[in-house]
2 protein chains.
Amino acid sequence: MSTTLTYLGRGIGHGIGHGMGSADDVTRPGPSPVPASPRGAEAARPPCSSDDLIELLFFAYRDFVGDPDRILAEYGFGRAHHRVLHFVDRYPGLTIAELLDILRITKQSLNRVLKDLIGQGYVAQQPGTSDRRQRLLFCTGRGAELAADLTRVQARRLARALTSPGDAATPEGFLMAMIEPDERAAVRRLMDRRGQGHGQGAA
Amino acid sequence: MSTTLTYLGRGIGHGIGHGMGSADDVTRPGPSPVPASPRGAEAARPPCSSDDLIELLFFAYRDFVGDPDRILAEYGFGRAHHRVLHFVDRYPGLTIAELLDILRITKQSLNRVLKDLIGQGYVAQQPGTSDRRQRLLFCTGRGAELAADLTRVQARRLARALTSPGDAATPEGFLMAMIEPDERAAVRRLMDRRGQGHGQGAA
DNA sequence: TGAAATATGTCAACGACACTGACTTATCTC
DNA sequence: GAGATAAGTCAGTGTCGTTGACATATTTCA
């Protein structure tokens, strides 16, 4: 999700393996219907497929991370800073190694953002007590404040989606409720287009 | 999530506005308990807070996009290619403008990956019928195949999580089930650390 | 005690994927 | 024919991930 199925760049090789078919047939194999509705949840209206959920997850996640993004931008921070701040705030005394294990990034990447957060007084370090090689991480008051702000907007969206009327019980209802209200109509319009002759409508 | 709260880089200003407190107090304000368990879902065991869900969403999303990442790497593609391929596959005849609106990226960014996909025969273009300025996008057979492969792994994880025994009914149960099985224990161990004196344990 | 392992930090280079700004080319609309 | 619109492109930049190599404390162990 623009976030888009989100993405976070990944190391990527460079082999175009698996190529096997010709390349000019502009057709759709028609298969891939993927066993629709995995569970017995096909009670109500539209039988929501796994495919639909994947897509809704894309849109929901996009808006979910969009909230904090706006706040972070005011501070000159990015998502990487958010992640670090979040975990340090929630688990005070976290070591570098633990943080690396949680985030699954290299220490070079971590250090870049951690340096910003420490340099600007959002995070503080403290040598480990039993092992002085370690650097235990803590949020300063200012850091905890920012972390709380970021958590607040995400928790709000989550809470609204969980308490939304009616269909919050189904996965698709929950995900739709996570999407920014103004954009739900557009998403519904898009998804309704499935199967029908390509309507190539509006913009 | 490596993938992280996912990821997508964002344009960022550069003002450190809002600074207001001193910066050396290594304390935690203790507040931010955020109204735990929003809904009446506090039936069973641990009263899962919004904060916990935010964190679980991080881990779940990380693993959710990790599956396709591995496949994409074999083709020399990244997440940006995945997103384009996914939407073109699902909505054949999509125009550039529509795709830009869905992905929320600039046309320069879109063009970079679209050029790869078209050049390697995964996507084909076709001038619009009513408006020949448009370029309608379609997957080739090869493109549809790759899209199906990518959807398959994500749908599988989703289906497993939705049909997982017991707690798949609660949001936290569902999210935990979305996490790679091997890593659930580590996540539980981490989250159990909340509140308790910082255990700074293992790695 | 001294060698090896561990925890952290850092320099340098690079890749993926966003962004802005400016400009071109078709094509459609009025 | 003028102006708007759909798309493509060149050039530069920024965030955040990567690899590889190396430096520095500190702990552990033979």
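By convention in this document, chain letters (A, B, ...) are assigned in the order of the sequence lines, proteins followed by strands, and residues within each chain are numbered from 1.
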- Under 4.0 Å between a side-chain N/O of B:Ser109 and OP1 or OP2 of C:dC19, yes or no? yes

- Query: More 5' along DNA chain D: A:Arg132 or A:Asp116, using each one's nearest nucleotide?
  - Reply: A:Asp116

- Query: Atom CZ of A:Arg79 to atom C1' of D:dG14: distance rounded to whole Å?
  - Reply: 14 Å

- Taking the six-membered ring for Trp, are B:Tyr61 and A:Phe64 ring centroids under 6.0 Å apart? no

- Message: Whole angstroms only, please: what is the CG-P distance between A:Leu117 and D:dT15?
- Response: 13 Å

- Starting at CG of B:Asp131 and ending at P of C:dC30, how long is that distance when rounded to a whole Å? 12 Å

- Atom CZ of B:Arg62 and atom P of D:dG17 are separated, to the nearest Å, by 13 Å

- Between P of C:dT8 and CG of A:Leu103, the distance in whole Å: 13 Å

- Message: Looking at B:Asp192 and B:Arg189, is there a salt bridge between them, counting it only when a charged N and a carboxylate O are closer than 4.0 Å?
- Response: no

- Query: Which heavy atom of A:Val65 sits nearest a heavy atom of A:Gln154, and at what distance?
  - Reply: CA-NE2, 4.2 Å

- Reading nucleotides 7-13 of chain D from the 5' end, what letters show protein touch, with B for base, S for backbone sugar-phosphate only, - for no heavy atom under 4.0 Å? BBBB---

- Query: In whole angstroms, how far is the C1' atom of D:dG17 from the CZ atom of A:Arg112?
  - Reply: 7 Å

- CG of A:Leu110 versus C1' of C:dA7: gap in Å, rounded? 13 Å

- So, is A:Thr106 close to the D:dT19 phosphate, meaning a side-chain N or O under 4.0 Å from OP1 or OP2? no

- Message: Could you check whether B:Arg104 pairs with A:Glu183 (Lys NZ or Arg NE/NH1/NH2 to Asp/Glu carboxylate O, under 4.0 Å)?
- Response: yes

- Side-chain N or O of A:His81 less than 4.0 angstrom from OP1 or OP2 on D:dT15? no

- Task: May I have the step-by-step check of salt bridge (charged side-chain N to carboxylate O under 4.0 Å, His left out) for B:Glu98 and A:Arg193, ending in yes or no?
- Result: CA-CA 13 Å; B:Glu98 289 169 331; A:Arg193 209 163 124 176; 3.3 Å; yes

- Any salt bridge between B:Asp52 and A:Arg90, counting N to O under 4.0 Å? yes

- Which pair of non-hydrogen atoms, one from B:Gln125 and one from B:Arg135, has the smallest distance, and what is that distance? NE2-CB, 3.9 Å

- Measure the distance from CG on B:Leu137 to P on D:dA6 and round it to the nearest whole Å. 15 Å

